[in-house]
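Only one structure is covered here, and it is reproduced in the block below.
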Amino acid sequence: MAKRSNHDVSFGEFVAEELNEDEGFRRDWQRLAPARQFAAMLIEYRADHGLSQRGLGEKLGVSQPRVARMESGEQNPDVDTIIATIEKLSTEFVLDVGPADTDATLVTKGARSSGAVISHGNVSVTTASARARKGTKKPAS
């Protein structure tokens with residue numbers, strides 16, 4: 001059988017191979033699962049609203065390079081960034097951390113099925129996001 005060249009490997013195949021062969025890659029991939037989900041939510045929002053990174057940055061009150069970093073999925077967002085983003089985009093982002101041997105009880109089945117569930121030893125991390133909501137009211141303080 002002829003050896004496949006690197007050009008014949010899809011991104012998914014490459015990631016699967018690295019996850020199986022490289023413990024450091026596997027740890028980083030698991031650790032950055034929330035960052036990738038947050039990035040996907042931002043990219044989806046931009047696409048749905050016809051925004052450039054600069055346009056999204058203006059909406060969020062951050063620079064275009066900051067948007068690019070958030071969309072890279074290479075750094076987990078801090079809680080303040082998540083809160084500010086969700087407040088300005090009127091969307092939803094869920095991060096649930098719990099024991100790996102139990103189902104997440106605070107996250108709906110729909111959110112679990114649409115998001116990512118990654119195990120970190122004895123801990124499971126679930127992330128999910130939702131499209132922006134239209135016409136929602138803020139709860140009274």
Side-chain angles (χ1 to χ4, degrees), residues 2-141:
K3 184 178 177 186
R4 290 175 15 167
S5 73
N6 288 341
H7 299 291
D8 295 335
V9 178
S10 72
F11 177 73
E13 290 170 329
F14 172 77
V15 169
E17 193 173 296
E18 290 297 309
L19 288 171
N20 286 329
E21 295 177 5
D22 185 338
E23 180 63 31
F25 180 87
R26 184 174 31 258
R27 276 194 307 272
D28 284 344
W29 185 261
Q30 291 172 333
R31 181 180 59 78
L32 292 172
R36 288 191 309 277
Q37 183 73 28
F38 191 72
M41 183 265 302
L42 290 174
I43 293 165
E44 183 176 277
Y45 183 93
R46 275 198 316 109
D48 288 350
H49 293 84
L51 294 172
S52 63
Q53 286 183 337
R54 185 175 310 283
L56 180 59
E58 289 171 3
K59 188 168 184 70
L60 295 176
V62 300
S63 67
Q64 178 276 324
R66 174 76 175 123
V67 172
R69 283 191 301 276
M70 291 189 308
E71 288 186 353
S72 75
E74 294 177 2
Q75 182 178 4
N76 280 319
D78 62 34
V79 173
D80 291 336
T81 298
I82 294 170
I83 290 170
T85 301
I86 299 313
E87 180 179 50
K88 291 174 182 164
L89 301 185
S90 296
T91 189
E92 201 172 336
F93 184 77
V94 177
L95 174 64
D96 178 82
V97 181
D101 59 352
T102 61
D103 286 335
T105 57
L106 301 176
V107 179
T108 67
K109 286 182 183 179
R112 283 195 304 270
S113 67
S114 69
V117 180
I118 303 290
S119 293
H120 293 267
N122 294 328
V123 174
S124 177
V125 178
T126 304
T127 56
S129 61
R131 291 189 182 272
R133 298 178 183 182
K134 293 183 181 178
T136 58
K137 295 180 181 178
K138 289 187 177 182
S141 303

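- When the shell of 6.0 Å around CD of Gln75 is examined, it contains 12 or fewer heavy atoms from other residues, nucleotides or ligands.
- Below 30°, between 30° and 60°, or above 60°: for Phe14 and Phe25 the angle between ring planes is above 60°, a perpendicular geometry.
- In this structure, the separation between CE on Met70 and CG on Leu60 is 5.0 Å, given to the nearest 0.5 Å.
- Taken to the nearest 0.5 Å, the CZ atom of Phe93 stands 6.0 Å off from the CD atom of Gln37.
- Panel note: side chain Thr85, backbone Thr81; a donor-acceptor pair is recorded below 3.5 Å.
- Of the inter-residue distances, the one linking Glu74 atom CD with Leu32 atom CG reads 8.0 Å to the nearest 0.5 angstrom.
- Annotation: side chain of Arg31 is in contact with side chain of Asn76 (closest heavy-atom distance under 4.5 Å).
- Side chain of Glu44 to backbone of Met41: no donor-acceptor contact under 3.5 angstrom is found.
- Rounding to the nearest 0.5 Å places CZ of Arg46 at 14.0 Å from NZ of Lys59.
- To the nearest 0.5 Å, the span separating CZ on Phe38 from CD1 on Ile82 amounts to 5.5 Å.
- Dense packing is recorded around CD of Glu18, with more than 12 heavy atoms of other residues, nucleotides or ligands lying under 6.0 Å away.
- Side chain of Arg36 to backbone of Gly73: no donor-acceptor contact under 3.5 angstrom is found.
- To the nearest 0.5 Å, atoms CG (Leu56) and CD (Glu71) are separated by 6.5 Å.
- Checked for salt-bridge contact, Arg27 and Glu23 meet the test: a charged N lies under 4.0 Å from a carboxylate O.
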